[in-house]
There are 2 protein chains.
Amino acid sequence: MADLLHNKVEQSLRAQGMRYTSNRRKLVSALEDTSGPLTVDQLYRATKQRVPFSSIYREVRALFEAEVLSLIHSTDRSNRFELAEWLAGHHHHMVCVRCMAISDVALSPRGENKLAELVDRAATDTGYMITDHTLEIEGVCPDCQS
Amino acid sequence: MADLLHNKVEQSLRAQGMRYTSNRRKLVSALEDTSGPLTVDQLYRATKQRVPFSSIYREVRALFEAEVLSLIHSTDRSNRFELAEWLAGHHHHMVCVRCMAISDVALSPRGENKLAELVDRAATDTGYMITDHTLEIEGVCPDCQS
DNA sequence: TGGTCATGTGATAATGATTATCATGTCATT
DNA sequence: AATGACATGATAATCATTATCACATGACCA
């Protein structure tokens, strides 16, 4: 069902005494339709300017605090939001060093296992208690190679 | 030789028509003495307030553009600088989700090879031409576990 | 159904980090 | 020593983000 995502978000928000309003729906939909995290600016355009900046900033922050969105920083100085891992699944990011586009990429289950092993091994030395990991891959995207 | 780093930086800067001044030296030294990337604020304190903010911002940016430093963004919204890979070696980052401290961590050569394989495999699907990768590991640092 | 109260909205103002400006200082080269 | 390029530090300007506030909307209850 196409509304599964919205249902999950709505339940989560309600449980926190928040409403799943049309602004919030538009933002979640915009992120659902895209294959990577978006900046506030990109969200403004993706919602066809129908959500003013002040609201985008407020809502994106509220959704972040409600753990519906997560926040990504990358090699350009921009902040980008994406659906949280429990909604979008575990994945990594590819960044184009030319156009700065970011797209999601998932490893194979086998690859992800290997990565988790590597992370665990690194952790034992440091004494950290590991909670998560993200791989950022830099490169030149197909469009920018020509 | 303890000055090897400074020599390399100085040569690189000279080749670009820049001077390796005492402000710049202080910043590079501060980063050399630390096991992770530093914010502008941390650099201000690390240089014992002897380099004013306006200069830190300007120099850190100049050194970044000269490819002596690189810029890191992490889960808190801060920008952090570190010595570029050709000076500090390839490494990854561990972030403490409690205190937000970031420290460097290097994988074993074997681990790094496996990681490179994983990255290459992911790349073939996407059509990206890979140039680099970074692993960010989140967790709770030893100090914050008590 | 209407009233009431918490929550959400959008315009605008305030904040804070970063960058630009500019007069002055420093270094290298002749 | 003189000249010109680069560097410095104080200050002002900019830009993204956050706070404020009057008004709107939706949920709940009498």
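Side chains are part of it too, since the values below use all heavy atoms of this structure and drop only hydrogens, waters and symmetry mates. The sequence lines fix the lettering, A, B, ..., with proteins before strands; numbering per chain opens at 1.
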Practice problem: Sorted by first residue and then second, give each ring-ring contact (aromatic ring centres under 6.0 Å, His included) pair with at least one member in residues 65-84 of chain A; sequence neighbours left out. | Solution: none

Exercise. Go through the structure and list residues passing side-chain hydrogen bond (donor to acceptor under 3.5 Å, both in side chains) with B/R98, not counting sequence neighbours.
Key: none

Exercise. With sequence neighbours left out, write down each residue that passes side-chain contact (heavy atoms from CB on, under 4.5 Å) with B/S70, or none if nothing qualifies.
Key: B/E82

Quiz prompt | A/E32 side chain to A/H6 backbone, donor-acceptor under 3.5 Å | solution = no

Practice problem: Sequence neighbours left out, what passes ring-ring contact (aromatic ring centres under 6.0 Å, His included) with B/H91? Give chain and number order. | Solution: B/H93

Quiz prompt | Residues in contact with DNA chain D, drawn from residues 57-67 of chain B - heavy-atom cutoff 4.0 Å | solution = B/R58, B/E59

Quiz item: Hey, can you pull the residues of residues 43-51 of chain A with a non-hydrogen atom under 4.0 angstrom from DNA chain C?
Solution: none

Side chains of residues 43-53 of chain A: which donor-acceptor pairs under 3.5 Å do they make with residues two or more places apart or in other chains?
residue, atom, partner, partner atom, Å
A/R45, NH2, A/D41, OD2, 3.2
A/T47, OG1, A/L43, O, 2.9
A/T47, OG1, A/Y44, O, 3.1

Exercise. For DNA chain D, determine which residues of residues 9-24 of chain B have any heavy atom closer than 4.0 angstrom to one of its atoms, and list them numerically.
Key: B/G17, B/M18, B/R19, B/T21, B/N23, B/R24

Practice problem: Using chain B heavy atoms and a threshold of under 4.0 Å, write down where along DNA chain D the contacts begin and end, 5' to 3'. | Solution: D/dA5 to D/dT18

Exercise. Kindly write out the residues that satisfy salt bridge (Lys or Arg N to Asp or Glu O under 4.0 Å) with B/R19, not counting sequence neighbours, or none if the list is empty.
Key: none

Practice problem: Using the test salt bridge (Lys or Arg N to Asp or Glu O under 4.0 Å), find all partners of A/R80 that sit at least two apart in sequence or belong to another chain. | Solution: A/D76

Self-check item: ILVMFWY cluster membership beyond A/M94 - transitive side-chain contacts under 4.5 angstrom
Solution: A/V105, A/L107, A/L115, A/L118, A/V119, A/Y128, A/I130, A/L135, A/I137, B/M94, B/V105, B/L107, B/L115, B/L118, B/V119, B/Y128, B/I130, B/L135, B/I137

